[in-house]
Amino acid sequence: MSTNQTESWGSRVGLILAMAGNAVGLGNFLRFPVQAVNNGGGAFIIPYLVCFLLMGIPLLWIEWSMGRFGGRSNNHSTPFILDSMSKKAFWKYFGVFGIFTNIAVASYYCYIESWTMSYVWHSLIGTFDGMTQVQVADFFSKYVDIDKSLTGIPYEAVVFYVLCLLLNTYILSRGLAGVEKAAKIGIPMLLIFGGFLAFRGLTLGTSGASAEVPGASAWDGLNFLWTPQYSSLSDPKVWLAAAGQIFFTLSVGMGTIHCYAAYVKSKDDVALNAVSAGFTNEFVEVVLGSSIVIPIAAGYLGLDWVKENAGFGMAFQTMPFLFEKWGPILSVVAGVMWFGLLFFAGITSSLAMGTPWMGFMRDEFGWGRLKGAWSFGGIVLLLGLPTVIFFEHGVFDEYDYWAGTVSLVVFALAESILFAWIFGIDKGWRELLSGSDLQVPTVYKFIIKYITPLMLLLVFLGALFTPIGNDWTGAFQSIFSGGGWTLDNASIFKTIANSGLHQQLAAATDPAEVVRLKDRLFYTNFARILLCLTFFALALLVYLASVRRMRTSTPSAGLRNTNP
Amino acid sequence: MNSSALILMVLTQLAVTVATVYFFYRVLNTPQKPEPDSYTDNDPI
């Protein structure tokens with residue numbers, strides 16, 4: 001439908017940095033090391049790398065190929081990219097996930113990004129000077145409780161959230177050139193900051209031991225992270241965790257890669273670009289991500305503390321306290337670098353989330369960059385404010401679960417089936433190799449057709465039927481001995497039914513706790529309604545766009561399922 | 001650090017670093033493809 005002049009990337013390096021920036025996120029520094037320590041330490045890296053080769057790389061190739069294929073007929077978002085690959089009309093509604101996920105994830109992801117902005121500011125003005133560990137943790141709790149002002153700025157969390165959104169929207173309004181420029185600044189800065197902190201993590205040794213924690217050693221943290229426990233390799237839980245980590249770290253199943261790749265010229269390579277961007281993400285995750293949080297925390301607080309507290313919260317509730325031990329100047333530098341690198345990791349991802357919506361509205365309704373960017377900012381603000389205001393009631397977690405986790409797996413499974421089985425592996429393979437600067441091993445034709453969809457199906461089924469305690473070995477033994485399969489409250493089925501919350505409510509006796517749980521139940525359902533309304537509104541837009549296309553009988557309809 | 005952890009860490013990080021540098025080097029050193037002649041938009045006026 002697009003009649004506008006199509007944008008394209010200014011340079012190949014800019015494209016790869018933008019793609020790498022899309023993939024590199026906070027999870028590279030916070031999720032990966034925690035997943036590793038919880039799933040067999042060093043042995044986790046084996047299933048992790050296997051999943052990268054069998055699921056990560058193929059999915060990157062699938063998405064890059066689909067994106068460039070769609071871009072050839074002026075489709076820059078997933079609804080009509082998927083539509084152009086099949087004769088069945090329903091595929092475009094699967095493509096709605098590729099816009100919905102980005103809007104929903106951006107609405108809470110920008111909130112985390114705004115924390116990093118705020119913490120850079122607080123590191124600079126010395127807010128954490130002299131604070132104890134409890135006080136630093138308490139600072140975060142008060143920060144997300146928007147009724148309390150920490151620095152005299154009323155509703156500080158909201159102010160920083162809006163500032164962060166304005167910055168994202170402004171850069172997006174500059175189009176691909178703005179995104180490319182942000183990646184060219186953000187990724188090198190992230191690598192410099194990460195390199196400095198990783199060097200500190202790897203060389204800290206036992207110098208952080210204190211009278212309170214005399215045995216603290218960064219080596220213990222590294223040992224804990226990297227000592228292989230080979231027995232874990234036979235545990236399905238570890239393989240599912242590795243597949244999940246690969247899946248989420250590469251930002252596949254979101255629609256952003258399709259969108260970025262749709263602006264690649266038809267003669268240009270996708271195979272080498274995809275591998276290069278994928279490995280850049282792996283470098284940040286495996287080399288830098290594993291060398292910062294865990295060794296530094298173990299170096300000052302001891303391994304026992306890390307075992308008990310390893311998690312996402314360490315970034316904001318612990319690291320500022322640890323940096324204070326580096327002296328007045330270095331603590332400020334380290335704080336700015338740590339939260340700065342998280343900010344750059346975040347903004348290069350959140351910018352990618354804006355482009356599918358902008359591409360869709362331009363292709364289908366002729367909206368310009370400014371209108372597309374500001375409308376994206378407006379929608380994200382409306383959808384995101386509940387995550388800021390009702391953060392403690394679980395709205396944030398609910399968005400993260402449904403939009404940031406389940407939707408990705410559903411969409412990736414669907415697109416892998418579409419690419420390999422509906423569009424056809426032969427056509428798909430030719431699309432991947434067209435203009436390729438890389439000799440892609442032929443075995444990947446088999447992997448893309450059979451192994452990748454199968455692995456995605458297993459990840460999806462694993463989430464759907466998670467056994468109690470995530471104990472897969474025990475669950476299989478139980479089912480073969482006639483004991484049945486008991487679902488965990490974290491499984492998708494039990495989550496839909498809010499089983500965990502209902503159990504807590506039934507067990508609660510304290511009236512205040514009952515009220516808190518009832519509130520949480522209300523806001524959980526409220527968040528789900530918001531997400532459903534967003535999805536259906538986008539599906540309606542896709543329907544209207546398809547009606548417009550039929551009326552004007554665009555050329556892309558004639559290109560359906562055709563060979564490139 | 002114990003030796004098995006050290007070996008695994010060094011090998012893994014080295015492999016990932018080498019692969020990243022190699023692919024990025026390939027990207028930087030692959031010559032750009034010429035614009036196709038068939039597009040009239042690309043022809044000089």
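Throughout, protein chains are lettered first and strands after them, A, B, ... in sequence-line order, and every chain is numbered starting at 1.
In this structure, the portions of A:V287 lying under 4.5 Å from any heavy atom of chain B include both its backbone and its side chain. The parts of A:L438 that come within reach of chain B are both its backbone and its side chain, each placing non-hydrogen atoms under 4.5 angstrom from that chain. Neither the backbone nor the side chain of A:S217 comes within less than 4.5 Å of any heavy atom in chain B. In this structure, the portion of A:L17 lying under 4.5 Å from any heavy atom of chain B is its side chain and not its backbone. Of the atoms belonging to A:L15, not a single heavy atom falls under 4.5 Å from chain B. Only the side chain of A:I45 comes within less than 4.5 Å of a heavy atom of chain B; its backbone N, CA, C and O stay farther away.
When all heavy atoms are compared, the tightest approach of A:P228 to B:S4 is CD-OG, 3.8 Å.
Inter-residue side-chain proximity for A:D269 and B:T30 is flagged as unmet; no heavy-atom pair is nearer than 4.5 Å. Counting heavy atoms from C-beta outward, A:S290 and B:M9 have side chains that stay 4.5 Å or more apart. The shortest distance between side-chain heavy atoms of B:V27 and A:R12 falls below 4.5 Å.
Taking A:G278, A:G435, A:G205 one by one and counting their heavy-atom pairs under 4.5 Å with chain B, the maximum is reached by A:G435. Interface remark: of the candidates A:W219, A:W226, A:F279, A:F283, A:W226 forms the most heavy-atom pairs closer than 4.5 Å to chain B. Ranked by heavy-atom pairs under 4.5 Å with chain A, the list B:I7, B:T17, B:L14 is led by B:T17.
Atom CG of residue A:N273 and atom CZ of residue B:R26 lie 11.5 Å apart, to the nearest 0.5 angstrom. Note that CG of A:D437 is 11.5 Å distant from CG of B:N29, once rounded to the nearest 0.5 Å. Taking CG from A:L222 and CG from B:L8, the interatomic distance works out to 12.0 Å, rounded to the nearest 0.5 Å.
Between A:T227 and B:N2, the side chains place a donor N or O and an acceptor N or O closer than 3.5 Å (distance only, hydrogens not considered).
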